[in-house]
Q: 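What follows is a structure written as structure tokens; I'll ask about it next.
This structure is a prediction, so every number in the text was calculated from the model and none was measured. For this chain, numbers begin at 1 and follow the sequence in order.
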Amino acid sequence: MDTNKIEAYLGFALRAGKLVLGLNSIETVKKGVYCLLLDEGAAKNSHKEARKLKEKFACPLIIIKDLGALIKREGCKLAALKDSSLAEAILKEAGDKGISIEGAIG
């Protein structure tokens, strides 16, 4: 699946400091998360924790293949996007590509 645009958007977010990586770091965030991204190969418990965070932040959860490769951080299974416009662009692109999205959009 071609995810070049999603990779570019995630790169922008990472360079701008708007991407929080890892479960422990995301749990410390109080508010302002617009989208969560979870690697589809993450452990069952990680999926459960990501869904809890989705409820906490009331944001969509995108389940995507090879998240670590997309953000050039191998081993990263969960990321939180703290920029609304980039989150909107990634959600639109994910929807167009048929990538699994859980939760309310918007």
Q: Looking only at heavy atoms, which two atoms of A79 and L21 are closest? And how far apart?
A: CB-CD2, 3.8 Å
Q: For A13, give me all partners under side chain to side chain contact (heavy atoms under 4.5 Å, CB included), at least two apart in sequence or on another chain.
A: K18, L19, L81, L86
Q: Supply the atom-to-atom distance K65 NZ to I99 CD1, rounded to the nearest 0.5 angstrom.
A: 11.0 Å
Q: Got a sec, which residues hit salt bridge (Lys or Arg N to Asp or Glu O under 4.0 Å) with K92, two or more places apart in sequence or on another chain?
A: D96
Q: Does one hydrophobic cluster hold both I62 and Y34, with members joined at side-chain heavy-atom distances below 4.5 Å?
A: no
Q: Residues in side chain to side chain donor-acceptor pair (under 3.5 Å) with S85, at least two apart?
A: D83
Q: Rounded to the nearest 0.5 Å, how far does CG of L70 lie from CG of L37?
A: 8.5 Å
Q: Can you name the side chain to side chain contact (heavy atoms under 4.5 Å, CB included) partners of A69, sequence neighbours left out?
A: D66, E74
Q: Between atom CG of L10 and atom CD1 of I64, what is the distance when rounded to the nearest 0.5 Å?
A: 7.0 Å
Q: In the hydrophobic cluster built from side-chain contacts under 4.5 Å, what are the other members alongside I26?
A: V20, L23, V29, V33, L36, L38, L53, F57, L61, I63, L78
Q: Search all heavy atoms of C35 against all heavy atoms of A87 and return the closest pair with its distance.
A: CB-CB, 3.8 Å
Q: Looking at NZ of K30 and NZ of K56, how far apart are the two atoms once the value is rounded to the nearest 0.5 Å?
A: 6.5 Å
Q: Measure the CD-CD distance between E93 and E88 for me, rounded to the nearest 0.5 Å.
A: 13.0 Å
Q: Who are the salt bridge (Lys or Arg N to Asp or Glu O under 4.0 Å) partners of E7, not counting sequence neighbours?
A: K72
Q: Go through the structure and list residues passing side chain to side chain contact (heavy atoms under 4.5 Å, CB included) with N24, not counting sequence neighbours.
A: E27
Q: Can you list every pair that meets salt bridge (Lys or Arg N to Asp or Glu O under 4.0 Å) and has a residue in residues 43-52, with sequence neighbours left out?
A: E49-K52, R51-E102
